[in-house]
Amino acid sequence: MAALKNFRPLLNRVLVERLSPETTTKSGLVIPEKAQEKVNTATIVAVGPGTRGEDGTIRPTDVNVGDKVLVPEYGGTKLTFDEKDYHLFRDSDVLGVFDS
């Protein structure tokens, strides 16, 4: 966790942790790993300061740490901190934010 605390995305990048896929059905059947769907829901772990406008002002990102978001199925840069997988996306790649 120490490496993750020292990581800060640059510009309009956001670091997300994808939620784990369902491993069992509602009736209790175990879903094989190959049959599990890729989860598009993630939690924001770290946020960059934002993009710099032509006049030099910083436009902050639209998401905050802890937000539950919808991200594309493919894309982003995969990073590993302390044996956990995270993905780095641009702020504009986030498809939506779930209300809490």
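Computed from heavy atoms alone, side chains included, the values below leave out hydrogens, waters and symmetry copies. Owing to the predicted nature of the structure, the values given are computational and were not obtained by experimental measurement.
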Legend entry - Spacing of Leu19 atom CG and Thr43 atom OG1 [to the nearest 0.5 Å]: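 Atom-to-atom, Leu19:CG and Thr43:OG1 are 4.5 Å apart.
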Legend entry - Connected-component partners of Tyr74 among ILVMFWY, side-chain separation under 4.5 Å: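 For Tyr74, no cluster forms, as it stays isolated from other hydrophobic side chains.
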Legend entry - Single-linkage hydrophobic cluster, 4.5 Å side-chain cutoff, Val16 and Val65 together: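 Cluster IDs for Val16 and Val65 match.
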Inset, instruction - Following the transitive rule for hydrophobic clusters with a side-chain heavy-atom cut-off under 4.5 Å over Ile, Leu, Val, Met, Phe, Trp and Tyr, establish whether Leu95 and Val71 coincide in one cluster. - result: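 Per the 4.5 Å side-chain linkage, Leu95 and Val71 are not co-clustered.
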Legend entry - Residues Tyr86, Thr80; criterion side-chain contact (heavy atoms from CB on, under 4.5 Å); working and verdict: CA-CA 6 Å; Tyr86 298 91; Thr80 303; over 6 Å; no
Legend entry - Minimal non-hydrogen separation, Leu10 against Pro49, with atom names: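 Smallest interatomic distance, heavy atoms only, reads C-CD, 4.3 Å.
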Legend entry - Heavy-atom pair of closest approach, residues Thr41 and Phe98: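 Thr41 and Phe98 have their closest heavy atoms at CG2-CE1, 3.9 Å.
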Mind checking side-chain contact (heavy atoms from CB on, under 4.5 Å) for [X] and listing every partner two or more places apart, or none if nothing turns up?
X     : answer
Leu79 : Phe7, Leu15, Thr77, Phe81, Leu88
Val97 : Val63, Asp67, Val69
Glu73 : Lys38, Asn40

Legend entry - Arg18 CZ: over 12 foreign heavy atoms closer than 6.0 Å: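 Enclosed.
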Legend entry - Pairs satisfying salt bridge (charged side-chain N to carboxylate O under 4.0 Å, His left out), at least one member in residues 47-60, at least two apart: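 Pairs touching residues 47-60 that pass the test: Arg59-Asp62.
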Inset, instruction - List for me each residue that meets salt bridge (Lys or Arg N to Asp or Glu O under 4.0 Å) alongside Lys84, sequence neighbours excluded, and say none if there are none. - result: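 Testing Lys84 for salt bridge (Lys or Arg N to Asp or Glu O under 4.0 Å), a comparison that skips the adjacent residues, returns Glu17.
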Legend entry - NZ/NE/NH1/NH2 to OD/OE distance under 4.0 Å, Lys78 and Asp85: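 A salt bridge links Lys78 with Asp85.
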Legend entry - Evaluation steps, side-chain contact (heavy atoms from CB on, under 4.5 Å), between Asp91 and Arg13: CA-CA 6 Å; Asp91 177 36; Arg13 307 286 195 298; over 6 Å; no
Legend entry - Among Val94, Val47, Thr51, the one residue meeting side-chain contact (heavy atoms from CB on, under 4.5 Å) with Thr61: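 Among Val94, Val47, Thr51, the one that satisfies the side-chain contact (heavy atoms from CB on, under 4.5 Å) with Thr61 is Val47.
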